[in-house]
Amino acid sequence: MAVSSTVCIVGSINMDLSISTNTIPKQGETVIGGEFATYPGGKGANQAVAAARLGSSVNMIGAIGNDTFGATLLDHLESEGINYDGIETIPDVATGIANIILSENDNRIIVSSGANRLVTPDFVERHRDVINKSDIVLLQLEIPMETVVHTLKIANEYGIPVIVNPAPYQQLPEAVFSGSAFLTPNEIELLSMKTDPKFTSIQENVIVTQGERGVQFYENREKRYLPSHHVEAKDTTGAGDTFNGALASQLGRGAKLTKAIEYANAAAALSVTKIGAQGGMPTGTEVDLFIKERTVS
Ligand code: RIB
């Protein structure tokens with residue numbers, strides 16, 4: 001097995017504006033919440049950071065605006081060791097942001113796409129060499145769907161496997177069903193996916209993340225279930241992204257599916273023990289230690 005993997009992420013980069021509250025306001029109501037903070041986020045960038053912390057070489061393709069959030073996020077990605085040659089700064093557009101409400105041990109998120117909307121097929125075409133240099137490609141749905149389809153086409157052309165994390169869920173074109181090695185919805189996204197007649201033909205390539213209820217997937221045509229690890233959750237934002245980044249990192253280096261899922265499941269559990277989407281994302285050493293501690297001998 002190769003020591004490391006090169007993961008290409010084509011996806012969103014957001015600044016997360018996060019506020020905790022005991023009470024979610026009703027329509028027309030104002031409530032006094034708890035702490036407010038800004039954190040680096042965006043499903044694409046989160047998955048990139050997750051894979052990089054686990055030792056993968058990560059190439060990110062995405063866009064930011066020419067503003068303070070954009071500059072801060074680019075510095076941050078650089079500090080995480082992510083190759084940002086594929087990130088473009090676009091004038092006269094805001095960097096993407098996400099309003100995050102933390103309540104009842106879970107999160108509610110509204111995204112304003114900003115520059116992420118401008119990651120077009122032509123944009124990705126300019127960086128196709130980055131895709132060609134990768135072992136695996138990881139996509140989410142916070143960039144235009146036509147770009148997701150185009151990236152799949154390029155990766156399929158080069159024979160590079162693609163994981164599509166269908167979040168936030170939108171109706172999936174046939175090319176996404178047929179061109180992805182794996183799709184990784186959460187339970188809510190799965191409900192929508194299942195209404196699509198195309199779902200049945202690819203269900204064995206679907207890995208479902210179910211938060212504290214574990215992970216469901218198929219191995220050798222058999223349905224499998226892996227329970228989650230019990231941890232004290234401080235912020236569940238980015239747990240799915242950690243899972244996806246870790247899964248890509250492991251599959252990219254040639255790990256067997258079940259081993260890769262076990263590893264990603266452990267990484268996701270560790271990620272919720274700190275605040276911020278990327279705050280708790282672990283290093284490879286931390287995941288190895290956690291798995292060792294949790295393995296009954
Ligand atoms: O998956 C969590 C992420 O979703 C947040 O970081 C936010 O930016 C949104 O993209």
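Order of appearance sets the numbers: ligands from 1, and atoms from 1 within every ligand.
The shortest N or O to N or O distance between Gly42 and ligand 1 is below 3.5 Å. Here's the thing with Lys43: one of its N/O atoms is less than 3.5 angstrom from an N/O atom of ligand 1. Residue Asp16 has at least one N or O atom closer than 3.5 Å to an N or O atom of ligand 1.
Scanning all protein heavy atoms for the shortest distance to atom 2 (C) of ligand 1 gives Asp241 OD2, 3.3 Å. For atom 3 (C) of ligand 1, the nearest non-hydrogen atom of the protein is Asn46 ND2, 3.6 Å.
Between Leu152 atom CG and Ile160 atom CD1 the span is 11.5 Å, to the nearest 0.5 Å.
The only member of Val119, Ile61, Leu139 that meets side-chain contact (heavy atoms from CB on, under 4.5 Å) when paired with Thr151 is Leu139. For the salt bridge (charged side-chain N to carboxylate O under 4.0 Å, His left out) with Glu204, the lone residue among Arg221, Lys223, Arg224 that qualifies is Arg221.
Residue Gly41 approaches ligand 1 through these ligand atoms, each under 4.0 Å from one of its heavy atoms: 6 (O), 8 (O). Atoms of ligand 1 found under 4.0 Å from any heavy atom of Ala98, numbered from 1 in the order shown, are 7 (C), 8 (O). The contact set between ligand 1 and Glu142, taken as ligand atoms under 4.0 Å from a residue heavy atom, comprises 4 (O), 9 (C), 10 (O). Distances below 4.0 Å separate heavy atoms of Ala277 from the following atoms of ligand 1: 6 (O).
Thr95 places a side-chain N or O within 3.5 Å of a backbone atom of Gly65 that can act as its donor or acceptor partner. A donor-acceptor contact shorter than 3.5 Å links the side chain of Glu189 to the backbone of Asn186.
Two residues are said to be in side-chain contact when any heavy atoms from C-beta on lie closer than 4.5 Å; Ile97 and Asn14 fail this criterion. Residues His127 and Glu88 have side chains in contact (heavy-atom distance under 4.5 Å, counting atoms from C-beta outward).
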